[in-house]
Protein chains: 2
Amino acid sequence: MESTPLQVRTVTEAAYRQIRDLILTGHFAPGQWVRERELTELLGVSRTPIREALRLLEQEQMVVAESRKGFRIPVPTESEIRAFYELRAELEGFAAAKAAHRATPEQVGEIRWVLAEADEALAREEWPQVIQWNNQFHQAVAQASGNAVLAQTLAKLQTQVNLFRVLSWTGHRERPSTTHRQHREIFNAIEARQEGTARARAEDHIWDSLPLALSGLSSVHHQ
Amino acid sequence: MESTPLQVRTVTEAAYRQIRDLILTGHFAPGQWVRERELTELLGVSRTPIREALRLLEQEQMVVAESRKGFRIPVPTESEIRAFYELRAELEGFAAAKAAHRATPEQVGEIRWVLAEADEALAREEWPQVIQWNNQFHQAVAQASGNAVLAQTLAKLQTQVNLFRVLSWTGHRERPSTTHRQHREIFNAIEARQEGTARARAEDHIWDSLPLALSGLSSVHHQ
DNA sequence: ATACTCCATATTGTATACATTATGCCAACC
DNA sequence: GGTTGGCATAATGTATACAATATGGAGTAT
């Protein structure tokens, strides 16, 4: 499950993670400028690694660069979010179908394990972990599709979803169990090698999560 | 049709384009290191904009960064290219289907116009222009899908395709007309609002171009 | 009051110097 | 002979100084 290299090797990488976390924890609000000087004071490093980190974050569109004005947190519009989820539904469906077609036994086991972990976290009501394992589920399925380019594309889309999610924690507490049930349905179809069913369940799952993302929008536009 | 801002506003942008062209024209071969010092001498600017430009190019995966070693041109493997085309087939198919569903009359006209231009360029045997207009065709269809996120994703995949293409100009001269015929079939389906047909034709079109990309591989691995 | 110009200030863009790490060669040793 | 260690060199990583540009407000003319 190695996700974080054990020791940070460059200041740029460290800055990248810290800035990303600052964004994900809502320290920077959508639409707000991310000033280089502010970050140098906050992180205690020079502008160079800050700028590089921001370029890295630009790759995941967690910030957008505007020439000679700086970087800012993007403000998603409703139509953008819809476009986003439409694409994601198609790709998650595709990944699930391919996983049903050619996942190795090990990969199927991996998904099952992730699902079990999510189950436990859910029972313990450890929500940060629940989110973590749910993300992991999508990654595992993408991996099992046997298409690394697809997996990477989905990973990038997923980080953006997390950005939306920051905006929309308006206490939907019945969602987690629904999500978990849908994940299990997708897994069952993959395990049973039912490509069509896997695709349909995965697509539906994404579409179901769209309203939650949209619900966070109004709070943003009113600031 | 505005694609290039009329005047370059920053050195970084200028460097970005020049380096990209150097890669696309084969000045840097796959697997080769792209040294910052070499580029500063070649372009006559300092390292800072060079590094920023390389980060930009990294976003399109025209170069890959290796920590404390620098940037290099990636060497695609056969399975990567296959994964790449599999994803692209799915997305181009999806885009064509959506375009058939909701392209505006203006967008349909735009595609028709691009196709006509490609036709003329083909008749004149102006191959660089043919390639240009063919790329334009895919962009126009993606635009007509009504999903900007999808269009952008496809645009990035397309730049990578162009990278493969650099490797594989082994004189396939019957391809252009085949390509053009397939493009017209896709357009006809879109114009007739036949979603399923549009998707199928677009998918087939991508799959047809896979062998050409693979044919360029052997020449790379033998160097 | 409104719009417009000009200027001070803040911010990003670029160059460059210095620090740190990787690379390759050569010699010494087993 | 092959391997290892260290050193010179070259490359990237980071900090900082300076340049160019954008921003906002004061003041003035209409």
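Here is the naming used below: chain letters follow the sequence lines, and residue numbers restart at 1 for every chain.
The aromatic rings of A:Phe137 and A:His183 sit parallel, their planes meeting at an angle under 30°, below the 60° perpendicular limit.
A:Ser46 has a side-chain polar atom (N or O) that falls below the 4.0 Å cut-off from OP1 or OP2 of D:dA15. Checking the phosphate oxygens (OP1, OP2) of C:dG13, no side-chain nitrogen or oxygen of B:Thr12 falls inside 4.0 Å.
Residues A:Gln107 and A:Gln143 bring no donor and acceptor atom of their side chains to less than 3.5 Å of each other.
Note on A:Glu36: only backbone sugar-phosphate atoms sit closer than 4.0 angstrom, heavy atoms only; bases stay farther off.
A salt bridge does not link A:Glu86 with A:Arg82: every distance from a Lys NZ or Arg NE/NH1/NH2 to an Asp or Glu carboxylate oxygen is 4.0 Å or more. In summary, A:Arg55 and A:Glu52 do not engage in a salt bridge, as defined by a charged side-chain N under 4.0 Å from a carboxylate O.
When the P atom of D:dT12 is taken as reference, atom CG of B:Leu39 falls 9 Å away, rounded to whole Å. Taking atom CD1 of residue B:Ile50 and atom C1' of nucleotide D:dT12, one finds them 14 Å apart after rounding to whole Å. The separation between A:Glu66 atom CD and C:dT12 atom P is 11 Å, rounded to whole Å. Taking atom CZ on B:Arg37 and atom P on C:dA15, their separation rounds to 17 Å, with Å as the unit. At whole-Å resolution of the value, CZ in B:Arg51 and P in C:dT12 are 19 Å apart.
At distances below 3.5 Å, at least one donor-acceptor pair connects side-chain atoms of B:Gln158 with backbone N or O atoms of B:Asn135.
Here the nucleotide nearest the side chain of B:Pro49, chosen from C:dT14, D:dT12, D:dA15, is C:dT14.
A:Ile111 CD1 to A:Gln139 CD: the interatomic distance, rounded to the nearest 0.5 Å, is 12.0 Å.
With contacts defined as side-chain heavy-atom distances shorter than 4.5 Å, the pair A:Leu91/B:Leu87 qualifies. Between B:Lys156 and A:Thr153, every side-chain heavy-atom pair lies at or beyond the 4.5 Å cut-off.
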Contact letters for nucleotides 18-23 of chain C, in which S counts primed atoms plus P, OP1 and OP2 and B counts the base, heavy atoms under 4.0 Å:
---SSS
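Along DNA chain C, the nucleotide nearest A:Arg35 and the nucleotide nearest B:Gly44 are compared for position; the residue whose nucleotide lies closer to the 5' end is A:Arg35.
Pairing each heavy atom of B:Leu115 with each of B:His180, the nearest pair is O-CE1, 3.3 Å.
Non-hydrogen atoms lying under 4.0 Å from DNA chain C are contributed by nothing in residues 54-62 of chain A.
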